[in-house]
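First up is the structure itself, then whatever we jot down about it.
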Amino acid sequence: MASSSSLLAFTTMCFVVIVVPGPSVLFVIGRALAHGRRTALATVLGNLVGCCALVIVVALGLGPVVQSSTAVFTTVKLAGSAYLVCLGVQAIRHRNRLRADMTATKVQPRGDVRTVLDGVLVGATNPKGLVFFAAVLPQFVDHGTGSATLQMMILGLIPATIGLVCDTSWALGASAARSWFAGSDRRLAMISSAGGTALIGLGLIVAATRH
C-alpha cells in the first residue's frame, strides 16, 4: 500500500473534491426537497453503491479507457444527464402529489428499492467521480507492494466513506428545511417543483461538462 504521507494526501484530495457539491450531492438535495428524509437517505445509500461500482470499474482497467476516449466519456455523461432530467420532469409533473406521499403510512419496499437504484445510477454515472477515480486513484498505487487492482479497491474505500458522511449530512439538512414547508400544500408543490428544477438544471450542467 501507499505510504502514510501518500494516504494523507489522497484523503485530503478526496475531501476537497467531495465536499464541493457535485452531481451526487445536488441529486441528494433535490430528492430530499422533493420527497423527504427517507428517500434522501435511500438515495445516499444508492450513491454509495454507485461510487463503489466506479472504483471497481476503474480498478479492473476501464479507467484509462474512459480517460482517453471521448466517446466512452460522452456516453456515460449523457446517460447520467438524461436520467437526471427525466427525474426532474417527473418531480415537477407530480408536484401536487407530495402531500399524499408525506401522509401515506403504508410501507412500500419496492419504492425504497427503486430509490436506491436511482442513486446507484446517478452515482455510477457521475462524471466528476468517474474522472477523479480514473485520473487520480491509480497515481497512489505502489506497484512494488502487491496487486494494483486490490490496492485501488482498498483506496476507493476512503472517498466512499467521506462521500457517505458528506451526502448524509446534506440529506438530513435538506430534509429538515423541507419540513418547514409541510404546513402548506402550495409550499409543498413549490418545493417539489424546486427539487425537480434543480435536477433538470443539474442534468444540463452534467451534459455540458467537458472531457
Side-chain angles (χ1 to χ4, degrees), residues 1-32 39-69 72-73 75-77 79-81 83-84 115-143 145-174 199 202-203 205-206 209-211:
M1 290 296 294
S3 64
S4 298
S5 59
S6 294
L7 287 176
L8 179 59
F10 179 67
T11 301
T12 302
M13 186 178 298
C14 290
F15 180 79
V16 171
V17 171
I18 292 172
V19 166
V20 176
S24 293
V25 170
L26 295 179
F27 180 67
V28 168
I29 292 174
R31 298 293 271 182
T39 296
L41 292 178
T43 303
V44 170
L45 176 60
N47 277 339
L48 175 64
V49 175
C51 174
C52 292
L54 277 181
V55 173
I56 293 174
V57 168
V58 170
L60 293 178
L62 183 58
V65 176
V66 174
Q67 185 179 1
S68 61
S69 173
V72 174
F73 176 85
T75 299
V76 173
K77 177 185 68 174
S81 173
Y83 194 69
L84 286 172
T115 298
V116 172
L117 292 177
D118 288 344
V120 171
L121 182 57
V122 172
T125 58
N126 180 357
K128 186 176 77 170
L130 183 59
V131 173
F132 177 78
F133 288 134
V136 177
L137 187 58
Q139 298 180 32
F140 289 86
V141 171
D142 186 344
H143 296 279
T145 59
S147 169
T149 298
L150 180 59
Q151 288 185 59
M152 283 191 281
M153 288 184 178
I154 295 175
L155 286 171
L157 295 176
I158 296 176
T161 301
I162 296 174
L164 175 62
V165 174
C166 179
D167 288 353
T168 299
S169 299
W170 280 110
L172 294 177
L199 292 178
L202 175 59
I205 290 174
V206 170
T209 302
R210 294 182 178 273
H211 189 277

Spatial distance of atom [atom1] ([X]) from atom [atom2] ([Y]) [nearest 0.5 Å]:
| X | Y | atom1 | atom2 | answer |
| --- | --- | --- | --- | --- |
| T115 | R31 | OG1 | CZ | 5.5 Å |
| N47 | T168 | CG | OG1 | 10.0 Å |
| L48 | T43 | CG | OG1 | 12.5 Å |
| I162 | D167 | CD1 | CG | 11.5 Å |

Minimum heavy-atom distance between [X] and [Y], given as atom pair plus value:
| X | Y | value |
| --- | --- | --- |
| A160 | C52 | CB-SG, 4.3 Å |
| L121 | T125 | O-OG1, 2.7 Å |
| M152 | V55 | O-CG1, 3.5 Å |

Find out whether [X] and [Y] are in side-chain contact, i.e. whether some heavy atom of one side chain is under 4.5 Å from a heavy atom of the other.
| X | Y | value |
| --- | --- | --- |
| F133 | V57 | no |
| L172 | L41 | yes |
| L7 | L155 | yes |
| F15 | C166 | no |

